[in-house]
**Q** 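Sharing a structure with you now.
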Amino acid sequence: MLLGRCHCGSIQFQIPDQAIASSVCYCGDCRKQSGAPLLAWAMVSKDTVSIIGKPKVYNSSEGGRRSFCGSCGTGLFFTNAPLEQLGMMQVRIAVLDNPDAITPQMQVQTAERVKWVTSVHELPAFERFPG
């Protein structure tokens, strides 16, 4: 099992160490909700997730619901009607204690990708903030 938590630790969760699917999403909803150019998601069976704490939920799109910590604002989970019919939910990979434990298998919603993301690997890189 993999452990994850929000930034302040008010919400903690556990998921299986094997995702059914995993992806990097570039959609506008993920981008606006996170303030980041992409989000990495792991799809897991809802029955296999245990959550300590009570995330807040809001309708982020037609049928889409995003869960987040009401104290620190960390985004955690996503679900919608098609996922629920399959008994699935999506968990943000980056909030896992070990985000390297699940590697995204695909990129989705590339039609909405911010153009500069495709060349970000060409930028100068520093192990820590340059000073």
Side-chain angles (χ1 to χ4, degrees):
M1 296 297 278
L2 300 173
L3 302 175
R5 66 193 79 241
C6 65
H7 191 258
C8 72
S10 295
I11 299 174
Q12 300 174 25
F13 63 91
Q14 200 172 24
I15 65 169
D17 60 358
Q18 298 292 315
I20 294 164
S22 55
S23 64
V24 172
C25 182
Y26 298 101
C27 81
D29 286 336
C30 283
R31 195 170 56 249
K32 288 290 187 184
Q33 194 276 326
S34 68
L38 57 94
L39 284 178
W41 294 102
M43 187 183 330
V44 296
S45 172
K46 194 171 184 176
D47 294 341
T48 64
V49 179
S50 63
I51 301 170
I52 297 171
K54 185 155 176 62
K56 291 195 174 222
V57 178
Y58 78 100
N59 296 330
S60 61
S61 57
E62 186 176 330
R65 287 174 304 290
R66 294 176 186 265
S67 300
F68 64 98
C69 175
S71 296
C72 67
T74 301
L76 301 164
F77 314 115
F78 175 83
T79 190
N80 59 20
L83 284 172
E84 288 174 353
Q85 288 174 353
L86 296 171
M88 303 293 165
M89 65 186 288
Q90 297 217 39
V91 177
R92 285 193 185 183
I93 294 172
V95 297
L96 294 172
D97 290 352
N98 178 9
D100 287 322
I102 297 178
T103 302
Q105 302 164 323
M106 67 185 102
Q107 299 178 66
V108 298
Q109 305 291 32
T110 58
E112 296 181 46
R113 180 172 48 204
V114 176
K115 288 181 180 34
W116 54 259
V117 169
T118 60
S119 62
V120 73
H121 65 282
E122 297 171 4
L123 296 173
F126 304 91
E127 287 188 20
R128 300 283 182 243
F129 198 86

**Q** Are Q12 and L3 side-chain neighbours, meaning at least one heavy-atom pair lies under 4.5 Å?
**A** no

**Q** Does any N or O in the side chain of R31 come within less than 3.5 Å of the main-chain N or O of E112, such that one atom is a donor and the other an acceptor?
**A**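 Present.
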
**Q** Identify the two heavy atoms, one from I20 and one from S45, that lie closest to each other, and give their separation to 0.1 Å.
**A** CD1-N, 3.7 Å

**Q** Starting from V108, walk the hydrophobic network (Ile, Leu, Val, Met, Phe, Trp, Tyr; side-chain heavy atoms closer than 4.5 Å) and list everyone else you reach, by chain and number.
**A**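 M106, listed by chain and number.
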
**Q** About how many Å separate CZ of R92 and CZ of R66, when rounded to the nearest 0.5 Å?
**A** 6.5 Å

**Q** Output the distance between atom CD (Q18) and atom CE (M1), rounded to the nearest 0.5 Å.
**A** 12.0 Å

**Q** Indicate every side-chain donor-acceptor pair of residues 115-131 with a distance under 3.5 Å to a residue at least two apart or in another chain.
**A**
{"from": "T118", "atom 1": "OG1", "to": "K115", "atom 2": "O", "distance (Å)": "3.0"}
{"from": "S119", "atom 1": "OG", "to": "W116", "atom 2": "O", "distance (Å)": "3.4"}
{"from": "H121", "atom 1": "ND1", "to": "T118", "atom 2": "O", "distance (Å)": "3.4"}

**Q** Indicate every side-chain donor-acceptor pair of residues 72-81 with a distance under 3.5 Å to a residue at least two apart or in another chain.
**A**
{"from": "T74", "atom 1": "OG1", "to": "H7", "atom 2": "N", "distance (Å)": "3.1"}
{"from": "T79", "atom 1": "OG1", "to": "E84", "atom 2": "OE2", "distance (Å)": "3.4"}
{"from": "N80", "atom 1": "OD1", "to": "L83", "atom 2": "N", "distance (Å)": "3.0"}

**Q** If you take all heavy atoms of L2 and P16, which pair is closest and at what distance?
**A** CD1-O, 3.8 Å

**Q** Restricting to non-hydrogen atoms, name the atom on P99 and the atom on I93 that form the minimum distance, rounded to 0.1 Å.
**A**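 Looking at all heavy atoms of both residues, the shortest contact is O-CG2, 3.4 Å.
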
**Q** Mind checking the OG1-CG spacing from T48 to D17? Nearest 0.5 Å is all I need.
**A** 10.5 Å

**Q** Does L38 belong to the same Ile/Leu/Val/Met/Phe/Trp/Tyr cluster as V95, with side-chain heavy atoms less than 4.5 Å apart forming each link?
**A**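 No, no single cluster joins them.
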
**Q** Would a single hydrophobic cluster contain both V24 and L39, if residues Ile, Leu, Val, Met, Phe, Trp and Tyr are joined by side-chain heavy-atom contacts under 4.5 Å?
**A** no

**Q** Please step through side-chain contact (heavy atoms from CB on, under 4.5 Å) for the pair C8 and C69, ending with a clear verdict.
**A** CA-CA 9 Å; C8 72; C69 175; 3.8 Å; yes

**Q** Considering non-hydrogen atoms only, spot the tightest contact between C6 and S10 and give its length.
**A**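 Distance-wise, the nearest heavy atoms are SG-N, 3.3 Å.
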
**Q** If hydrophobic clusters are built from ILVMFWY residues whose side chains come within less than 4.5 Å, do W41 and F68 share one?
**A**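 No, it is not one cluster - the side chains of W41 and F68 are not joined through contacts under 4.5 Å.
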
**Q** What's the separation between atom OG in S22 and atom CD1 in I102, rounded to the nearest 0.5 Å?
**A** 7.0 Å

**Q** Identify whether M88 and I15 are in the same connected component of the hydrophobic contact network (ILVMFWY, side-chain heavy atoms under 4.5 Å).
**A**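 Hydrophobic grouping puts M88 apart from I15.
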
**Q** Is there a path from Y26 to V114 through hydrophobic residues (I, L, V, M, F, W, Y) whose side chains come within less than 4.5 Å of each other?
**A**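 Hydrophobic grouping puts Y26 with V114.
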
**Q** In the structure I gave you, are the side-chain heavy atoms of I51 and I11 within less than 4.5 Å of one another anywhere?
**A** yes

**Q** To the nearest 0.5 angstrom, please state how far the CD atom of Q109 sits from the SG atom of C30.
**A** 8.0 Å

